[in-house]
Amino acid sequence: SLADKIQAALKRLRTKGKLSEADIKAALRQVRLALLEADVNFRVVKNFIGQVQEKAVGQEVLSSLTPAQQVVKIVQEELISLLGGGTSQLERSQDALNIYMIVGLQGAGKTTTAAKLARLLAKEGRRPLLVAADIYRPAAIEQLQILGEKIQTPVFAMGKQNPVAISRAAAEKARREGYDTVLIDTAGRLHIDDDMMTELIEIKAAVQPTETLLVLDALTGQDAVNAAGEFEAKLGLTGCILTKLDGDARGGAALSVRAVTGVPIKLIGVGESIEALQTFHPERLATRILG
Amino acid sequence: LLPRDGRMKEETWEELEEILLTADVGPTVTEDLIQTIKAERVSSLDDIRTALAARLEEIMRAELPRVPTHFTPPLVILVVGVNGVGKTTSIAKLARKFRQDGQRVILAACDTFRAAAVEQLSVWANRVGAELIAHQEGSDPAAVAYDAVQAAIARRAGVLILDTAGRLQTKTNLMQELLKIRRVLGKARPDLPQETLLVLDATTGQNALSQTRLFQEAVPLTGIILAKLDGTAKGGIAVAIQKELGVPIKWLGTGEGFDDLESFEAGAFVSALLT
Ligand SMILES: Nc1nc2c(ncn2[C@@H]2O[C@H](COP(=O)(O)OP(=O)(O)OP(=O)(O)O)[C@@H](O)[C@H]2O)c(=O)[nH]1
Ligand SMILES: Nc1nc2c(ncn2[C@@H]2O[C@H](COP(=O)(O)OP(=O)(O)OP(=O)(O)O)[C@@H](O)[C@H]2O)c(=O)[nH]1
Ligand SMILES: [Mg+2]
Ligand SMILES: [Mg+2]
């Protein structure tokens, strides 16, 4: 465990009353290594270590904990706070049409997550409509239709028409036919593809979504800050859904995204089945990131 | 006024560390590389960069041919990897290359699980002029594999490429399924498959090492396809994989079209990494 590694690094520690700067530095080298191995962004790690260092130096060594355990406790508290402190709810309005735009890089899990979200909201008594706005990927529309059928949620599709037109028409249909929730599944794209980012900006302008959700693969490494940063800067995000946390990825990308964009992580994908969607709990991810 | 030589070097090491870490090379391999270069006692900034590039190229260079050269047809390629990395699209790109060489290509839809997986492969097969072998949704992937290899031999196809479902490497039952698919190929003819390619997403961080390790344990890998290098990710984890596991990178995926596949070349990869 991280506490053991820190303890080994601090084995020359004589029991004093306070945590010395030298002790903290030795301990934080281990923490830095753990965070980098967990895919937390290099710069985010640098700032984080600096913050923890300030908090830890001069603190009284608590009699109930070893100095190593105490450093870990400070690190965990800082991590949890940086990850948002608590859970973050999906925006829902009772009287207006709720439109959720689902965006992200290729293969992150958007289509699967859109269906998972539709099922979750339907279980709450909502009446969702899924929208097939990916007109590029072979069989993308079929994929969403098959998932929609599984959960008995209608899927709005217009074949390979302009995704902006599809989104607009879907919102109109929702209003006419009494759906209270619309989930727009968009095509995977690179944050550096200007034309594709413009398409998202146009969809957003056309339908004014309640939430713009970034679906991010928990396996993502240092590139998470680039992708999330650009999506936030060019499009604006209101939430993030982290997928594939059923594997053994440490998930440090989550910290990078939150630290760099301030966007709250709201939900996590924990499997391929349509029920595998859970609320995000920062304390659980903090433990996982630290290994 | 130029800074004294000592201080400049300290910043240089930090700069190089940052370049390597943000490229996903990982802290352990980065530290090894920095220590190796420091031990070489190079004096100027240019020499440090040159030494680093040379050391990286040394690690990344693999002498194998891209495609096996001595084999009995059909060339059977099993494609594996975790969810969403680009297996199906990479298969389309490989099929395209073989089709451009005039080969008869068969694709096997062994992803019988995911929604519209077979439809997706079917569209690609049509686009590149390959034949498709597929069963009903939910059928046994090993049965599809068996049918496909029989068809490939009977029809004297030049190449057979098998698409499998994405699976996280920690799911033992799914890794067992992969073992079973491979065993079925071997039963059809003991030398099959001649190639087993792991597809990795260039945006993946340190977990790619665990992926390679666990997939290698289930089915011996002959190469890696590193996809999505057209983004901003550098795929530096490939350095750690090459150094610690020795599985060679054979192909690079550089886009979503069927021509977006390049042969891996160590020099180009390393210079892109250090940019
Ligand atoms: N294990 C696991 N697999 C997931 C999870 N979420 C999605 N997947 C899988 O990841 C793969 C990609 O999912 P998709 O929903 O097609 O991803 P996408 O973002 O829509 O892909 P594009 O539209 O091509 O950009 C599929 O194999 C899914 O089953 C998850 O939480 N856990
Ligand atoms: N930009 C870019 N996108 C890619 C590349 N390779 C694949 N993709 C995209 O990544 C997404 C997932 O590709 P797939 O081929 O479906 O991935 P997969 O591994 O077969 O996914 P599963 O079967 O669901 O596990 C699709 O949107 C592809 O177009 C690449 O080299 N560059
Ligand atoms: Mg999709
Ligand atoms: Mg696939």
Side-chain angles (χ1 to χ4, degrees), chain A residues 32-43 45-46 105-112 115 136-150 187-193 217-227 230 243-244 246-253 271-272 274, chain B residues 17-28 30-31 82-89 92 113-124 126-127 137 165-171 174 201-211 214 227-228 230-237 255-256:
Chain A
R32 178 177 182 269
L33 182 61
L35 293 175
L36 288 172
E37 285 173 342
D39 292 324
V40 181
N41 178 263
F42 174 81
R43 288 277 160 101
V45 173
K46 208 171 185 184
L105 297 176
Q106 290 91 344
K110 297 175 293 300
T111 305
T112 313
Y136 311 98
R137 169 173 156 153
I141 298 173
E142 285 91 319
Q143 185 185 4
L144 194 63
Q145 285 172 331
I146 291 169
L147 293 173
E149 209 160 302
K150 244 191 196 157
R189 69 203 64 217
L190 296 177
H191 46 291
I192 52 173
D193 185 333
D217 192 328
L219 301 158
T220 310
Q222 298 287 312
D223 196 52
V225 294
N226 300 328
E230 284 295 286
T243 60
K244 306 177 199 171
D246 44 317
D248 63 350
R250 299 265 287 275
E272 291 194 71
I274 208 135
Chain B
E17 188 188 40
E18 178 164 358
I19 291 173
L20 294 171
L21 285 173
T22 55
D24 285 310
V25 172
T28 312
T30 297
E31 184 60 15
V82 306
N83 307 72
V85 292
K87 297 178 291 303
T88 306
T89 311
F113 168 76
R114 205 208 69 212
V118 177
E119 288 86 328
Q120 185 187 6
L121 190 65
S122 171
V123 171
W124 283 119
N126 283 323
R127 285 185 188 175
E137 190 192 330
R167 67 203 67 219
L168 296 182
Q169 70 278 20
T170 45
K171 309 211 165 167
L174 297 181
D201 186 331
T203 64
T204 299
Q206 299 306 300
N207 194 259
L209 206 56
S210 153
Q211 290 174 25
L214 293 180
K228 307 182 195 172
D230 46 316
T232 50
K234 299 281 173 107
I237 193 67
E256 301 190 71

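From a predicted model like this one, the values you see are computed outputs, not experimental measurements. Throughout, protein chains are lettered first and strands after them, A, B, ... in sequence-line order, and every chain is numbered starting at 1.
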Measure the [atom1]-[atom2] distance between [X] and [Y] for me, rounded to the nearest 0.5 Å.
X	Y	atom1	atom2	result
B/Glu119	A/Ile141	CD	CD1	12.5 Å
A/Phe42	B/Asp24	CZ	CG	13.0 Å
A/Leu105	B/Thr232	CG	OG1	8.0 Å
B/Lys171	A/Glu272	NZ	CD	6.0 Å
B/Thr204	A/Lys244	OG1	NZ	8.0 Å
A/Asp39	B/Asn207	CG	CG	7.5 Å

Under the salt bridge (Lys or Arg N to Asp or Glu O under 4.0 Å) rule, what do A/Arg43 and B/Glu18 come out as? Steps first, then yes or no, please.
CA-CA 9 Å; A/Arg43 288 277 160 101; B/Glu18 178 164 358; 2.6 Å; yes
For [X], which atoms come within 4.5 Å of any heavy atom of chain B: side chain, backbone, both, or neither?
X	value
A/Asp246	both
A/Leu190	side chain
A/Ile192	side chain

Quick check: closest heavy atoms across [X] and [Y], and the distance to 0.1 Å?
X	Y	answer
A/Leu33	B/Pro27	CD1-CB, 3.6 Å
B/Thr22	A/Gln222	O-CB, 3.3 Å
A/Pro138	B/Gln120	O-CG, 3.5 Å
B/Ala116	A/Ala139	CB-O, 3.8 Å
A/Ile146	B/Ala115	CG2-CB, 3.8 Å

May I ask you to name which of [options] has the most heavy-atom pairs under 4.5 Å with chain A?
options	answer
B/Thr30, B/Asp230, B/Val85, B/Ile237	B/Asp230
B/Val123, B/Asn83, B/Thr28	B/Asn83
B/Gly84, B/Ser122, B/Ala117, B/Ala227	B/Gly84

Is it true that A/Asp223 and B/Lys234 make a salt bridge, defined as a side-chain N closer than 4.0 Å to a carboxylate O?
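Salt bridge: no.
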Tell me whether A/Arg32 is salt-bridged to B/Glu31, with the criterion being a basic N under 4.0 Å from an acidic carboxylate O.
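Looking at A/Arg32 and B/Glu31, the cut-off is not met.
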Are A/Leu36 and B/Leu21 close enough, and set up right, to give a side chain to side chain contact (heavy atoms under 4.5 Å, CB included), and what steps lead you there?
CA-CA 8 Å; A/Leu36 288 172; B/Leu21 285 173; 3.9 Å; yes
Does one side chain, of A/Gln106 or B/Asp201, offer a donor that lies under 3.5 Å from an acceptor on the other?
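No pair is found: no donor N or O on one side chain lies under 3.5 Å from an acceptor on the other.
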[X] versus [Y]: any side-chain heavy-atom pair under 4.5 Å?
X	Y	result
A/Leu219	B/Val82	yes
B/Thr89	A/Arg137	no
A/Asp248	B/Gln169	yes

B/Thr203, part contacting chain A, at a heavy-atom distance under 4.5 Å
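Both backbone and side chain.
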For chain B, which of A/Glu142, A/His191, A/Lys150 has the most heavy-atom pairs under 4.5 Å?
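Highest number of pairs under 4.5 Å: A/His191.
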